[in-house]
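These numbers come from a predicted model, not from an experiment. Just so you know, these numbers use all the heavy atoms, side chains as well, and skip hydrogens, waters and symmetry mates. The sequence lines fix the lettering, A, B, ..., with proteins before strands; numbering per chain opens at 1.
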Amino acid sequence: RELSEKDLEASLWNFQVALMECDVALLVAEELTSRLKAKMVGTKVKRLGDITPLVQSAFEDLLKENLASGDLLTIIKAKGKKPFSIMFIGVNGTGKTTTIAKVARYLMDHGLTLVFAAADTFRAGSEEQIEVHANRLNVKVIKHKYGADPAAVAYDAISYAKNNNIDLVLIDTAGRMQTDKGLMDQLQKIYRVASPDLSIFVGDSLTGNDALQQAEEFNKCVPIDAVILTKIDADSKGGAAISISASIKKPILFLGVGQEYKDIIPFDPEWVINNVLG
Amino acid sequence: SLSGALGSAIKKVLRAPVVDEKVVKELIRDIQRALLQSDVNVKLVLELSKNIEKKILEEDLPPGITRRELAIKVVYDELVGLLGGDKPQLPKYPKGRTTIVLLVGIQGSGKTTSASKLTFYFKKQGLSMGLVCADNFRAGAYDQLSQLATKAGAEFYGDRTNSNAVDIAKNGVKAFKEKGIEVIIVDTAGRHKNESDLLSEISQIAEAVKPDEIMLVLDGTIGQQAMQQAEAFDQTTKIGTIFLTKLDGSAKGGGALSAVAATKAPIRFIGTGEGMEEIEVFSPGRFVSRLLG
Ligand SMILES: Nc1nc2c(ncn2[C@@H]2O[C@H](COP(=O)(O)OP(=O)(O)OP(=O)(O)O)[C@@H](O)[C@H]2O)c(=O)[nH]1
Ligand SMILES: Nc1nc2c(ncn2[C@@H]2O[C@H](COP(=O)(O)OP(=O)(O)OP(=O)(O)O)[C@@H](O)[C@H]2O)c(=O)[nH]1
Ligand SMILES: [Mg+2]
Ligand SMILES: [Mg+2]
């Protein structure tokens with residue numbers, strides 16, 4: 001028989017609930033479910049019992065189409081630029097500064113040299129924080145006084161890297177709400193002045209629906225080139241990966257799985273898909 | 001009379017379930033979608049939906065209220081009820097005595113920043129404030145809290161060389177008690193439900209300093225993990241109150257409902273920005289209205 005909307009209703013609703021319980025934003029869950037419905041309506045089945053496994057495998061394919069991973073070293077090598085600068089952006093407390101330290105360790109393990117730009121000149125303790133990481137990693141950090149222009153710090157760090165033949169500049173920025181126009185304008189200015197080779201959006205995987213808004217708004221402000229999701233070790237199901245990927249269609253490079261420098265792993269879409277289907 | 005019979009017949013037609021069911025389903029769906037987008041727990045939303053549907057199909061419409069208004073009122077009342085009712089107590093601590101508040105929560109939720117907000121709030125009540133940095137893990141934690149303490153006008157205690165957070169907490173509280181500080185806030189490192197030794201560190205700190213209040217600082221952007229995470233903290237030490245942060249963005253904070261359900265702890269304050277003055281007393285009514293969009 002040919003599947004009707006009515007036949008699919010129960011399975012589709014179950015999949016939408018599965019997505020939402022894994023922290024996929026409502027709008028994305030609905031969008032994916034309606035795409036799944038469009039795909040499946042009219043397909044022929046022998047028995048009604050075949051519906052769920054059929055929907056499941058179509059669902060799996062749909063999720064695979066909507067999740068992309070990426071390799072940072074490949075991206076860096078491909079551009080062949082020295083220094084190659086990476087700007088880390090995102091809302092407050094998602095793990096940007098800690099992620100910079102992890103990425104630094106990762107890149108240094110692959111023989112690259114780097115310098116930090118302490119371009120969060122606003123938050124209490126932000127400069128001391130990145131300085132501690134820099135000292136532990138034996139990396140130079142360029143910083144100005146609190147209250148200084150973040151764009152100037154980024155610019156300075158890039159100049160320093162150029163003059164000292166350093167491979168990479170990792171630029172830390174202050175956390176900010178995507179709804180704060182003043183701070184988003186400031187971010188745009190930092191981006192314009194620093195003109196980074198890669199901008200990485202750092203998202204907290206425990207975030208709910210707001211992950212969608214964050215990715216969309218940040219992406220309108222400065223183009224996001226890639227994503228890192230943190231705090232996976234807190235047992236997040238990773239639905240934010242789907243929300244973010246579906247909306248800005250950029251690769252997720254890494255997952256943060258703890259607070260130590262070693263706690264970073266390449267993103268594997270299968271992991272999220274298994275959480276949703278399992 | 002004829003007009004009376006016609007009148008009641010018309011009323012019956014207007015009340016006919018055939019007319020209402022489709023409208024009701026749509027109504028429930030709208031409310032469901034608003035709550036889901038606000039990060040309310042999925043199971044809770046589906047459960048609420050069943051309750052509303054029952055109530056608005058069975059109950060006679062009070063005069064002058066549409067079925068949509070009744071549905072929203074039913075959800076509003078139920079959620080405000082879950083949050084302890086719309087009579088927010090104005091948080092107060094006693095003068096001339098010592099109150100010890102222990103801040104706990106997930107990494108990055110806003111504990112350290114909220115310590116400065118609590119300082120701002122309670123200083124206005126004329127209370128003397130002391131902040132203890134019992135986070136000896138995070139890079140720059142000492143400097144962050146010390147800078148905030150200076151800005152907010154609180155005494156600060158920290159120990160860069162002590163590798164034992166329990167000791168730092170104990171020594172800090174002791175030092176502030178001796179100084180007669182009225183409100184002592186102990187800030188801790190972030191931790192989550194899977195870090196069992198970090199969670200047991202919380203019970204050790206609580207055992208050492210005997211706090212009057214353990215405040216869970218919860219990120220307002222948290223999604224479906226809110227319930228399990230809050231449960232884990234509550235199973236470690238009884239959570240007394242909740243501070244819900246980052247509500248100045250677009251997130252509605254629906255996860256907080258699960259945290260309240262899990263801990264039975266009231267939400268006392270919300271954070272509405274990065275500055276220390278960006279703190280508000282929690283109002284269940286305003287919170288729920290925002291959840292419902
Ligand atoms: N468990 C866990 N904690 C993490 C992870 N990544 C970061 N953290 C912790 O999250 C907290 C916040 O990290 P930061 O690096 O300060 O976050 P940020 O985005 O720079 O914060 P702001 O600059 O204030 O916006 C710290 O306690 C980190 O150790 C992770 O993958 N897992
Ligand atoms: N916009 C906004 N930002 C906030 C709010 N509360 C805290 N923040 C920011 O969130 C980020 C994290 O705050 P912290 O106070 O460092 O968080 P924490 O819980 O102490 O972090 P850990 O000690 O690493 O667990 C900082 O950038 C704060 O400025 C709030 O209500 N609104
Ligand atoms: Mg930072
Ligand atoms: Mg802190």
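- Residues B:Ala139 and A:Gln129 come closest through the heavy atom pair O-CG, 3.2 Å.
- Here A:Asn92 is the residue among A:Thr94, A:Asn92, A:Thr98, A:Val132 with the most heavy-atom pairs under 4.5 Å with chain B.
- Counting non-hydrogen atoms of other residues, nucleotides and ligands closer than 6.0 Å to CZ of B:Arg286 gives a total of 12 or fewer.
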ask   = After noting the C-alpha distance and the side-chain angles of A:Gln259 and B:Gln107, does the key distance pass the side chain to side chain donor-acceptor pair (under 3.5 Å) rule?
value = CA-CA 9 Å; A:Gln259 299 187 224; B:Gln107 288 89 347; 2.4 Å; yes

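- Rounding to the nearest 0.5 Å places CG of B:Asp143 at 11.0 Å from CD of A:Glu127.
- Contacts between B:Glu274 and chain A at a heavy-atom distance below 4.5 Å involve the side chain alone, from C-beta outward.
- The neighbour count for A:Asn138 CG, taken as heavy atoms of other residues, nucleotides or ligands under 6.0 Å away, does not exceed 12.
- Heavy-atom distances place both the backbone and the side chain of A:Ala234 under 4.5 Å from chain B.
- Contact residues of residues 26-35 of chain A toward chain B are A:Leu26, A:Leu27, A:Glu30 (heavy-atom distance under 4.5 Å).
- Heavy-atom neighbours of chain B within the stretch residues 201-211 of chain A, taken at a separation under 4.5 angstrom, comprise A:Leu206, A:Thr207, A:Gly208, A:Asn209, A:Asp210.
- Shown here for B:Asn194 and A:Asp233, the closest heavy-atom pair between the two residues is ND2-O, 2.9 Å.
- A donor-acceptor pair shorter than 3.5 Å cannot be found between the side chains of B:Gln228 and A:Asp235.
- Residue contact with chain A, scored on non-hydrogen atoms closer than 4.5 Å, involves the backbone and the side chain of B:Asp248 alike.
- Under the 4.5 Å side-chain criterion, counting only non-hydrogen atoms from C-beta, A:Met177 is in contact with B:Lys246.
- Looking at B:Arg138, the atoms closer than 4.5 Å to chain A (heavy atoms on both sides) all sit in the side chain, from C-beta outward.
- Not one N or O on the side chain of B:Gln224 forms a donor-acceptor pair closer than 3.5 Å with the backbone of A:Asp23.
- Within the 4.5 angstrom heavy-atom criterion, only side-chain atoms of A:Gln213, from C-beta onward, approach chain B.
- Of the atoms belonging to B:Leu145, not a single heavy atom falls under 4.5 Å from chain A.
- At a 4.5 Å heavy-atom cutoff, the contact between B:Lys193 and chain A is made by side-chain atoms alone.
- Residue B:Asp219 holds its CG atom at 7.0 Å from NZ of A:Lys231, rounded to the nearest 0.5 Å.
- Residue-environment remark: CD (A:Glu5) stays at or below the threshold of 12 foreign heavy atoms within 6.0 Å.
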